[in-house]
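Some notes on the structure that comes next.
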Amino acid sequence: MHPDSQYIHADNAALIFDELKFRSLTVKNRLFRSNISGQFDDYNGHGGNARLNWEEKFARGGIGCIISSFTPVSVRGRILVRYAMIDDDDKIPFWREVGRRVHAHDCRFIMQLSHSGRQQDMGGVENLFSKGLSSTSKSDYFHGLLAQAMTKPEITEVVEQFAQGARRAREAGLDGVELHGANGYLLTQFLSSGINDRTDEYGGGWEGRARFVLEIVRAIRREVGHDFHLQMKINGVDHNDWLYPWIRKGNTLDETVKICTMLLDGGKGVDSFHVSSGSTFPHPRNPAGDLPLNDLHRWYDGMLSQGTRAPMNYAIFSNPLLARAFQALWRWRRGKVIEGINLDYARAVSEAIGKIDPDIKVLCTGGFQHADRIAEAIRSKACDGVTMARPLIANNDLPEILAKANGPEKECTYCNKCLLNDLENPLGCYDLSRFDGTSFEDRYDKMIKQVMSVFEPPTFH
């Protein structure tokens, strides 16, 4: 390594591993694990041992703060079965143990409070005969998942579910909560002009569309006070028209900035914003990367009974020519940039919010795994910290790597095989090219061993 490169990396590492202070939370570095997990838990939403192992391994690898996976505030609001929930006080002991395991490594833990709305991939038998609650009665445009517009009593009920979820997170000793308002889930469905078609006070202009989220923020503050960290994950831009150009595009960056300003609520609202993009999941911008056709064909069949458009999608994915055309569209709509794909959006939010309250921090997600890219994002004031998921699945100890080098020897390839496998298999890195071996069988065995490592049995005393 050239001596100048050593000095440059030392400067980058010093910036990345400087602590980040929010209003009521301090994180030891600028690296956050973004919300991701697999179907590791009991069917009824109680947490399992695999999740404890899953969360702890990232804390052990040096990440400063973990944002939990999608954590449903109700059974009606889950996206997949076997995800730990926060819908009842009987879930508090499990989350307390998660916090204990993570805190032992000087890592903070933020619970992401979530609700699927209409974007409910596999909601389980309890939701079999129920349409997804939403701002609209229109089905989602990708899978064709059915929806019903929420009544005002239902809105009041869901607001309270979020508030009680935050209370439980605090009682569990966790370090904060995040509202999942990005990537097409319920809060996006209210915020987005491309989805919300209501004509009452919860629709119309951006102020009306943001009313539901603002009520949630205020209800959470009522329950946990103002000294408990609360952040909001939000789309910089919705890009709702990526698949069908005639669909309404959704929120612009200007509208997002206005909504973020509103959610500050005069200094009584959110403490931080977590900037993403994409109005559904999956979306070319989230997770930004490739579309592995073999895995898509192999594992998408689980969606056939879920949405009205899923059979058409499966027919496309099963046809070699149509599948490649769809993949080409995906890559084109994603664009060339993957690492730091949302930085321009984060910068706009940072600049606008910083003029109002400089204590409010901004996090940015988008495939980060190189020290120079992360440091430049922070140095340019586009954001105060970055969140990452797939690069950490590929290299659980990525923070330790970044302290010594610009990036890992075996990088995440953004193949997205991990996320497609999660529909039916344990979450892990399924990119066979990242595993050494003298034969296919040898490499495959090593890959599966790594994937299954999260199921290490508990130690009883």
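Residues: numbered from 1 along the sequence shown.
- Ion pairing between Lys21 and Asp384 fails under the 4.0 Å rule for side-chain N and carboxylate O.
- The pair Glu223-Arg170 fails the salt-bridge criterion, with no side-chain N (NZ, NE, NH1 or NH2) lying under 4.0 Å from an Asp/Glu carboxylate O.
- Classification of the Phe317-Tyr300 ring pair by plane angle, with boundaries at 30° and 60°, yields perpendicular.
- A cation-pi arrangement is absent between Arg118 and Phe142 under the rule of less than 6.0 angstrom and at most 45 degrees off the ring axis.
- Put simply, the side chain of Tyr314 never gets that close to the backbone of Met303: no donor and acceptor are under 3.5 Å apart.
- The 12-atom threshold is exceeded at CZ of Arg333, counting heavy atoms of other residues, nucleotides or ligands nearer than 6.0 Å.
- Note on ring orientation: taking the six-membered ring where Trp is involved, the planes of Phe212 and Phe190 are tilted (angle from 30° to 60°).
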Take Thr136 and Asn196 through the side chain to side chain contact (heavy atoms under 4.5 Å, CB included) test and state the conclusion after the steps. CA-CA 6 Å; Thr136 179; Asn196 187 335; over 6 Å; no
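- A side-chain N or O of Ser380 and one of Arg347 form a donor-acceptor pair less than 3.5 Å apart.
- Taking 4.0 Å as the cut-off between side-chain N and carboxylate O, Asp238 and Lys249 do not count as a salt-bridged pair.
- The backbone N or O of Thr365 sits less than 3.5 Å from a side-chain atom of Asn342, completing a donor-acceptor pair.
- Gln306 and His143 are not linked by any side-chain donor-acceptor pair at a separation below 3.5 angstrom, with hydrogens and angles left out of the test.
- Between Asp197 and Arg248, no side-chain nitrogen of the basic residue sits less than 4.0 Å from a carboxylate oxygen of the acidic one, so the salt-bridge criterion is not met.
- By the 30° and 60° cut-offs, the orientation of the rings of Trp54 relative to Phe58 is perpendicular.
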